[in-house]
Student: 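My questions all concern the structure below.
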Amino acid sequence: MTRHFIALGDAGGDAVAAMLGDAMDRKAARQALPKGLPDADMPLAGHVLALVFEKNSTRTRVSFDIAIRQLGGSALVLDAGTTQLGRGETIADTARVLSRMADAIMLRTDDHAKIEELALHATVPVINGLTDLSHPCQIMADLQTLLEHGKALPGLEVAWLGDGNNVLNSLVEAAGLMKFNVRIGVPEGYDSDATFIAAARAGGARITVHRSAAEAARGADVMVTDTWISMGQAHAEAKLAAMAPYQVNSELMALAKPDAVLLHCLPAHRGEEVTDAVIDGPQSLVWDEAENRIHAQKAILRWAFGQI
Ligand code: CP
Ligand code: NVA
C-alpha cells in the first residue's frame, strides 16, 4: 500500500521513533560532506520528488530539495499558481498526472481536505508540507532537535505559548504518540483543534489548556511558540492584542526550568511572539531546528518508500 505522510499518526509512534533515529544517524554520517553531495548509499537514487506550493515557504522548500538530493534523487519545485492547478485543474487529476511523472508529491496548501483528496487519487506517496490544520514535518524536526539536546521525550513538559494553530496541532499529535505532555498557553477564542487534544489524551499524554502564560510556562522543559498570524489569516489588531501576554520574553523564559530550551518553527516575528533576547539567547535551538528539517525529511522520505 502507498505510504502517505499526512499526519504523524500515518506512521505511528514506533515508526516516528525509528525515523528520528535514522535522521540523527544520517546527519552524523555526513557531517564532513558539502550539503549538495549525496549520502554514500544514495538510498533514493533516481527518485523525483514534486514539491507543490500553494503558500510561501523558505525552510520546507529548501530542505525538501536538499533532502532528496542527499538521498540521491532530485526535486521539482512547483508554484501552484503557475501550474494548471492554479487555473482550476482538479486535485484528483493533478494527483493522477503527478503520480505518472514523479515518485512522490509534497503539497503545502490551505484547506486540509485538499491534501486528503490528493492522497486519495495519488499512486505515489503524498507528504503534508503544511496545511491550515497541521504541520507534521515540522514536528519531526522539532523532536529530533530535542533528542539531540538530551531531552528524552516520554514525560517531557512542553509549553506552547500563543496561537492555537497548525504547528500546535501536530505537536499535540506527537505528544500522544511519543508520550510527552503539552501545556497549551493560548488566549480564549484562539484554541487549537479539540480532536487532536482528545486523541493525544487517549494516547496517554497530559494536555492542559491555560489562559495564564505564566502557568503554562512554569517548570517547563521546552518552550515553543510560533507566529500569531499564520499564512492566510487576516492581520487583526484584536488578535495581536489578545496574544500580547503570551510573548516569549526573558521574564516568561525565566519561569521555565533553568535548562529549558526554546523552539520556534520560523519565520519569527521578532518583538511579537518572541523577543530578540530569547530567540538569540543561549536557550534557543531554532537554528538547529531549522537545519533538522533536512535530516527529518530524509527520514520521512525513506519511510514513505518503505525503507524505514
Ligand atoms: N517552518 C517552516 O515550515 O518554514 P517555511 O514556511 O519557510 O517553509
Ligand atoms: N503557523 C505558521 C507556520 C509557518 C511555518 C503558518 O501556518 O503560517
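Values reported hereafter were calculated over all heavy atoms of this structure, with side chains retained and with hydrogens, waters and symmetry mates removed. None of the values given here were measured: they were computed from a predicted structure. Whatever order the structure lists them in is the order used to number ligands and atoms, beginning at 1.
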Student: What part of L130, side chain from CB on, backbone N/CA/C/O, both or neither, has a heavy atom under 4.0 Å from ligand 2?
Tutor: side chain
Student: Indicate yes or no: does R61 engage D79 in a salt bridge with an N to O separation below 4.0 Å.
Tutor: no
Student: What is the closest protein heavy atom to atom 4 (O) of ligand 1, and at what distance does it sit?
Tutor: R59 NE, 2.9 Å
Student: Tell me whether D226 has any N or O atom under 3.5 angstrom from an N or O of ligand 2.
Tutor: yes
Student: Are any of the heavy atoms in L266 under 4.0 Å away from ligand 1?
Tutor: yes
Student: Ignoring hydrogens and angles, tell me if any N or O in the side chain of D221 forms a donor-acceptor pair with the backbone of E157 under 3.5 Å.
Tutor: yes
Student: Measuring from atom CG of L161 to atom CE of M223, what distance do you get when rounded to the nearest 0.5 angstrom?
Tutor: 4.5 Å
Student: Find all atoms of ligand 1 within a distance of less than 4.0 Å from any non-hydrogen atom belonging to T58, and give their numbers and elements.
Tutor: 5 (P), 7 (O), 8 (O)
Student: Would you mind listing which atoms of ligand 1 come within a distance below 4.0 Å of any non-hydrogen atom of H135?
Tutor: 2 (C), 3 (O)
Student: Any chance you could lay out the salt bridge (Lys or Arg N to Asp or Glu O under 4.0 Å) test for K55 and D132, step after step, and finish with the verdict?
Tutor: CA-CA 10 Å; K55 285 182 172 180; D132 289 348; 2.5 Å; yes
Student: For atom 6 (O) of ligand 1, which protein heavy atom lies nearest, and how many Å away is it?
Tutor: R108 NH1, 2.8 Å
Student: Flag M231 as yes when one of its N or O atoms lies below 3.5 Å from any N or O atom of ligand 2, and as no otherwise.
Tutor: yes
Student: Does R59 use its side chain to pair, donor to acceptor, with the backbone of Q138 at less than 3.5 Å?
Tutor: no
Student: Which ligand 2 atoms, with their elements, are less than 4.0 angstrom from a heavy-atom of L266?
Tutor: 5 (C)
Student: Could you identify the single nearest non-hydrogen protein atom to atom 2 (C) of ligand 1 and state the distance to 0.1 Å?
Tutor: R293 NH1, 3.3 Å
Student: Enumerate the atoms of ligand 1 whose separation from the nearest heavy atom of C265 is less than 4.0 angstrom.
Tutor: 1 (N)
Student: Tell me whether S230 has any N or O atom under 3.5 angstrom from an N or O of ligand 2.
Tutor: yes
Student: Tell me whether H121 contacts the main-chain N or O of A95 through its side chain, where contact means a donor paired with an acceptor under 3.5 Å.
Tutor: no
Student: Okay, side chain of R108, backbone of G129: is any donor-acceptor separation there less than 3.5 Å?
Tutor: yes
Student: For atom CG of D14, is the number of surrounding heavy atoms from other residues, nucleotides or ligands below 6.0 Å larger than 12?
Tutor: no
Student: Below 3.5 Å, N or O to N or O, backbone or side chain included: is there any such pair between P267 and ligand 1?
Tutor: no
Student: Looking only at distances, please establish whether an N/O atom of ligand 2 is found under 3.5 Å from an N/O atom of N166.
Tutor: yes
Student: Below 3.5 Å, N or O to N or O, backbone or side chain included: is there any such pair between T60 and ligand 1?
Tutor: yes
Student: Quick one: does any side-chain atom of E173 pair with a main-chain N or O of L8 as donor and acceptor, under 3.5 Å?
Tutor: yes
Student: Any atom of ligand 1 sitting under 4.0 Å from a heavy atom of K55?
Tutor: no
Student: Of Q297, K298, H295, E291, which is the lone residue that meets side-chain contact (heavy atoms from CB on, under 4.5 Å) with S63?
Tutor: Q297
